[in-house]
Amino acid sequence: LRMAERRPLVVFVELRIACPFADSGEVHAAMAAFAAGKLDESFGADGVHFRVRLPADPVEALKTRLRDATRHRVRIEIDDRPPTREMSSL
């Protein structure tokens, strides 16, 4: 084990994002830009609801981008589950 390659642990968080239908394209673009994985997407009378997973480091930048792009019409919540840690593949 001492000779094994060392890889950093990456902390991941899950977010719940809700937006009007008209802003769903902005959410998809931001998810791609921040390498956020879409875990779930559902549609309701009030718009689109996403559950996404991404590394914890860029979460604030993603929130800022979404709020700016949608003129604050997006709602973002951090999932209450404990963050997960995974070995980086880099």
Side-chain angles (χ1 to χ4, degrees):
L1 288 176
R2 286 184 287 159
M3 302 301 287
E5 176 185 353
R6 293 180 187 254
R7 296 187 299 179
L9 287 177
V10 178
V11 176
F12 285 87
V13 296
E14 291 183 12
L15 301 177
R16 291 185 304 269
I17 301 170
C19 68
F21 293 110
D23 294 320
S24 64
E26 294 293 343
V27 174
H28 279 107
M31 286 171 32
F34 286 89
K38 181 170 56 173
L39 303 174
D40 188 39
E41 180 176 10
S42 60
F43 304 91
D46 59 341
V48 186
H49 301 266
F50 300 91
R51 192 166 56 93
V52 301
R53 182 174 182 265
L54 72 154
D57 289 343
V59 166
E60 290 305 315
L62 173 66
K63 287 180 176 181
T64 298
R65 176 171 171 168
L66 286 173
R67 287 184 181 126
D68 290 349
T70 65
R71 296 184 179 158
H72 291 266
R73 290 185 298 265
V74 69
R75 292 183 315 278
I76 305 165
E77 297 176 359
I78 295 180
D79 200 316
D80 294 337
R81 288 176 261 200
T84 59
R85 291 170 168 60
E86 293 182 10
M87 297 285 254
S88 171
S89 60
L90 300 176

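All heavy atoms count here, side chains included; hydrogens, waters and symmetry mates do not.
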Taking side chain as C-beta onward, heavy atoms only, is H49 less than 4.5 Å from R16?
no
Would you check if V74 and D23 make a side-chain contact, meaning some heavy-atom pair closer than 4.5 Å?
no
Nearest 0.5 angstrom please: D40 CG to R53 CZ, how far?
15.0 Å
Atom pair NZ/CD of K63 and E77 - distance to nearest 0.5 Å:
9.5 Å
Measure the CG-CZ distance between D46 and F21 for me, rounded to the nearest 0.5 Å.
7.5 Å
Can you give me the closest heavy-atom contact between A61 and F34, atom names plus distance?
CB-CE2, 3.7 Å
Side chain to side chain contact (heavy atoms under 4.5 Å, CB included) partners of A35, counting only residues at least two apart:
none
Heavy atoms, side chains only, cut-off 4.5 Å: are L62 and I76 in contact?
no
Please report the interatomic distance OG(S24) to CD(E41), rounded to the nearest 0.5 Å.
7.5 Å
Geometric class of the F50/H28 ring pair [parallel <30°, tilted 30-60°, perpendicular >60°]:
perpendicular
In the single-linkage hydrophobic clustering (I, L, V, M, F, W, Y; side-chain heavy atoms under 4.5 Å), do I17 and L39 co-cluster?
no
Is V27 close to K38 at the side-chain level, that is, under 4.5 Å between some pair of heavy atoms?
no
Minimum heavy-atom separation for A30 to L66, with atom names?
CB-CD2, 3.6 Å
